[in-house]
Visitor: 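Below is the structure I would like to discuss, written out as structure tokens.
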Amino acid sequence: MKRLTLLICVVLGSISMNGQISTPAPSPAAKIMQTVGLTDVTVEYSRPSMRGRTIFGDLVPYDKLWRTGANKNSMVTFSDDITIAGQVLKAGSYAVFTKPGQTSWEVIFYSDTNNWGTPQDWDDSKVAAKTNIEVYTMPMDVESFTMSIDQLHNDGATLGILWANVYIGVPFEVPTSEKAVKSIESVMNGPSANDYFAAASYYHEEGKDLSKAKEWIDKAVSMNDKAFWMMRRQSLIYAQMGDTKGAIEAAKKSMAAAEAAGNADYVKMNKDSLKEWGAL
């Protein structure tokens, strides 16, 4: 009996010492990655849950510095220099600290990311950017603390923070236009038809110099006379520039090439445009 008791103790001691028992973390780690325009954004944080507790004004006091989550400080990483409230954040990683208030939060991006909770010794020189954000009250509770990257567009997005019935959103801007224009310019010395098409499409969609878009789409089409998608874009650029005759001609060529390729979607799009321009 003593040997059995000793064996059980040894086994239990081994399990404890070697850490072989796995249990769920009360505030599990989360990681989200999102491309915004041409910039990679990564958010890493831990997710505490309400569990029947009053969160803001109680568990998380008002007007006190908060780690914005649980465990290690929440962290956001940008692959390019970005802008928040007119302040430039250099490419890199930042801890996200907040001071929640009843009507607004102060959101702070801190260059030291190695903090378990909030820094023991706060250093103002490490504050890379800060902004005040209005609080929105939601009609329902979010049980688990959540961070998100939403409201995506080519030139920016919003870093969202949601918990209990509170939402705040921190808009940020990314250098998409600058990067895209540099990329376009860098390949224009020897671009392919696809390069010309991509450059023309971007300028057309973003409302940039249409004469440049026309120059590039014409070159793309001249290099590939079976590319119905390129001729479709050509027709749209011509139409926007007021050249209805040129738009109709390009659309007819695009429709014929799409029919030959068996692409019903482009056939329909061209027919719709030709009807709009009075050619059918």
Side-chain angles (χ1 to χ4, degrees), residues 32-43 79-80 82 148-160 167 169 171-280:
I32 55 174
M33 293 179 285
Q34 177 67 58
T35 299
V36 181
L38 296 171
T39 300
D40 294 328
V41 182
T42 303
V43 180
S79 64
D80 296 305
I82 64 101
S148 64
I149 303 171
D150 296 310
Q151 301 180 40
L152 298 167
H153 53 94
N154 281 350
D155 297 311
T158 296
L159 175 65
Y167 168 81
F172 61 90
E173 299 170 8
V174 295
T176 303
S177 181
E178 178 186 342
K179 290 186 72 176
V181 170
K182 283 183 179 178
S183 175
I184 289 167
E185 290 174 347
S186 71
V187 298
M188 283 300 108
N189 290 330
S192 67
N194 286 335
D195 290 327
Y196 279 123
F197 173 67
S201 297
Y202 178 75
Y203 265 48
H204 180 223
E205 290 171 359
E206 294 299 318
K208 295 185 180 295
D209 187 346
L210 281 180
S211 62
K212 274 287 187 186
K214 179 183 181 299
E215 175 189 339
W216 291 331
I217 198 64
D218 287 348
K219 287 181 179 178
V221 170
S222 71
M223 295 168 73
N224 189 344
D225 61 2
K226 292 183 172 55
F228 51 85
W229 59 93
M230 293 184 184
M231 288 179 274
R232 168 68 181 165
R233 177 69 67 177
Q234 186 182 42
S235 73
L236 297 176
I237 292 172
Y238 279 29
Q240 191 166 338
M241 295 182 74
D243 182 2
T244 304
K245 182 180 177 182
I248 289 170
E249 183 179 347
K252 286 181 176 179
K253 289 179 180 178
S254 175
M255 186 167 66
E259 285 174 340
N263 192 301
D265 289 340
Y266 272 80
V267 171
K268 182 180 185 309
M269 286 190 286
N270 281 299
K271 279 186 177 179
D272 290 345
S273 293
L274 288 168
K275 286 178 183 177
E276 179 185 343
W277 299 330
L280 284 181

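Side chains included, hydrogens not; waters and symmetry mates left out as well; all remaining heavy atoms used. Residue numbers run from 1 in the order of the sequence given.
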Visitor: Applying salt bridge (Lys or Arg N to Asp or Glu O under 4.0 Å), name anything that partners Glu205, two or more places apart in sequence or on another chain.
Guide: Arg233
Visitor: List the atom pairs, donor and acceptor, that lie under 3.5 Å between side-chain atoms in residues 171-178 and the rest of the protein, sequence neighbours left out.
Guide:
{"unit_1": "Thr176", "atom_1": "OG1", "unit_2": "Asn154", "atom_2": "O", "d": "2.4"}
{"unit_1": "Ser177", "atom_1": "OG", "unit_2": "Lys208", "atom_2": "NZ", "d": "2.9"}
{"unit_1": "Glu178", "atom_1": "OE2", "unit_2": "Lys182", "atom_2": "NZ", "d": "3.3"}

Visitor: My understanding is that only residues two or more places apart in sequence, or in another chain, count here; which of them pass ring pair (Phe, Tyr, Trp, His ring centres under 6.0 Å) with Tyr167?
Guide: none
Visitor: Looking at CG of Leu159 and CD1 of Ile149, how far apart are the two atoms once the value is rounded to the nearest 0.5 Å?
Guide: 6.5 Å
Visitor: For Ser222 and Lys219, indicate whether the former's side chain and the latter's backbone hold a donor-acceptor pair under 3.5 Å.
Guide: yes
Visitor: For the residue pair Val221 and Met231, what are the closest heavy atoms and their distance?
Guide: CG1-CG, 3.9 Å
Visitor: Taking salt bridge (Lys or Arg N to Asp or Glu O under 4.0 Å) as the test, write out the residues that go with Glu206, two or more places apart.
Guide: none
Visitor: Going by the rule side chain to side chain donor-acceptor pair (under 3.5 Å), which residues pair with Asp150 if we only count those two or more places apart in sequence or in a different chain?
Guide: Ser148
Visitor: For Ser192, give me all partners under side chain to side chain donor-acceptor pair (under 3.5 Å), at least two apart in sequence or on another chain.
Guide: Asp195
Visitor: Which atom names give the shortest non-hydrogen contact between Met223 and Pro191, and what distance separates them?
Guide: CE-O, 3.9 Å
Visitor: Under the salt bridge (Lys or Arg N to Asp or Glu O under 4.0 Å) rule, collect the residues that match up with Lys179, sequence neighbours excluded.
Guide: Asp80
Visitor: Could you go through Ile217 and Tyr196, starting from their C-alpha distance and side-chain angles, then the distance that decides it, and tell me whether this counts as side-chain contact (heavy atoms from CB on, under 4.5 Å)?
Guide: CA-CA 6 Å; Ile217 198 64; Tyr196 279 123; over 6 Å; no
Visitor: Step by step, would you call Met230 with Gln234 a side-chain contact (heavy atoms from CB on, under 4.5 Å)?
Guide: CA-CA 6 Å; Met230 293 184 184; Gln234 186 182 42; over 6 Å; no
Visitor: State, to 0.1 Å, how close Ala257 and Phe228 come at their nearest heavy-atom pair, and which atoms those are.
Guide: CB-CB, 3.8 Å
Visitor: Please report the shortest heavy-atom distance between Ala157 and Leu152, naming the atom on each side.
Guide: CB-CD2, 3.6 Å
Visitor: Give the intermediate values and the outcome of side-chain contact (heavy atoms from CB on, under 4.5 Å) for residues Asn224 and Phe197.
Guide: CA-CA 10 Å; Asn224 189 344; Phe197 173 67; over 6 Å; no
Visitor: What distance separates Met255 CE from Asn270 CG, expressed to the nearest 0.5 Å?
Guide: 6.5 Å
Visitor: List the atom pairs, with distances to 0.1 Å, where a side-chain N or O of residues 272-280 and a protein N or O form a donor-acceptor pair under 3.5 Å, not counting sequence neighbours.
Guide:
{"unit_1": "Asp272", "atom_1": "OD2", "unit_2": "Lys268", "atom_2": "NZ", "d": "2.8"}
{"unit_1": "Ser273", "atom_1": "OG", "unit_2": "Arg232", "atom_2": "NH1", "d": "2.7"}
{"unit_1": "Ser273", "atom_1": "OG", "unit_2": "Arg232", "atom_2": "NH2", "d": "3.3"}
{"unit_1": "Ser273", "atom_1": "OG", "unit_2": "Met269", "atom_2": "O", "d": "3.3"}

Visitor: Test of understanding: with side chain to side chain donor-acceptor pair (under 3.5 Å), list the residues that count as partners of Ser235, not counting sequence neighbours.
Guide: none
Visitor: Would you mind writing out the side-chain donor-acceptor pairs for residues 237-247 within the sub-3.5 Å range, not counting sequence neighbours?
Guide:
{"unit_1": "Tyr238", "atom_1": "OH", "unit_2": "Asp218", "atom_2": "OD1", "d": "2.7"}
{"unit_1": "Tyr238", "atom_1": "OH", "unit_2": "Asp218", "atom_2": "OD2", "d": "3.3"}
{"unit_1": "Gln240", "atom_1": "OE1", "unit_2": "His204", "atom_2": "NE2", "d": "2.9"}
{"unit_1": "Asp243", "atom_1": "OD1", "unit_2": "Gly246", "atom_2": "N", "d": "2.9"}

Visitor: Locate the shortest heavy-atom distance separating Trp216 from Ala199; write the atom from each residue and the value.
Guide: CE3-CB, 3.5 Å
Visitor: Tell me, please, which residues at least two apart from Thr35 pass side chain to side chain donor-acceptor pair (under 3.5 Å).
Guide: Asp40
Visitor: Can you name the closest pair of heavy atoms from Asp209 and Tyr203 and give their distance?
Guide: O-CD2, 3.5 Å
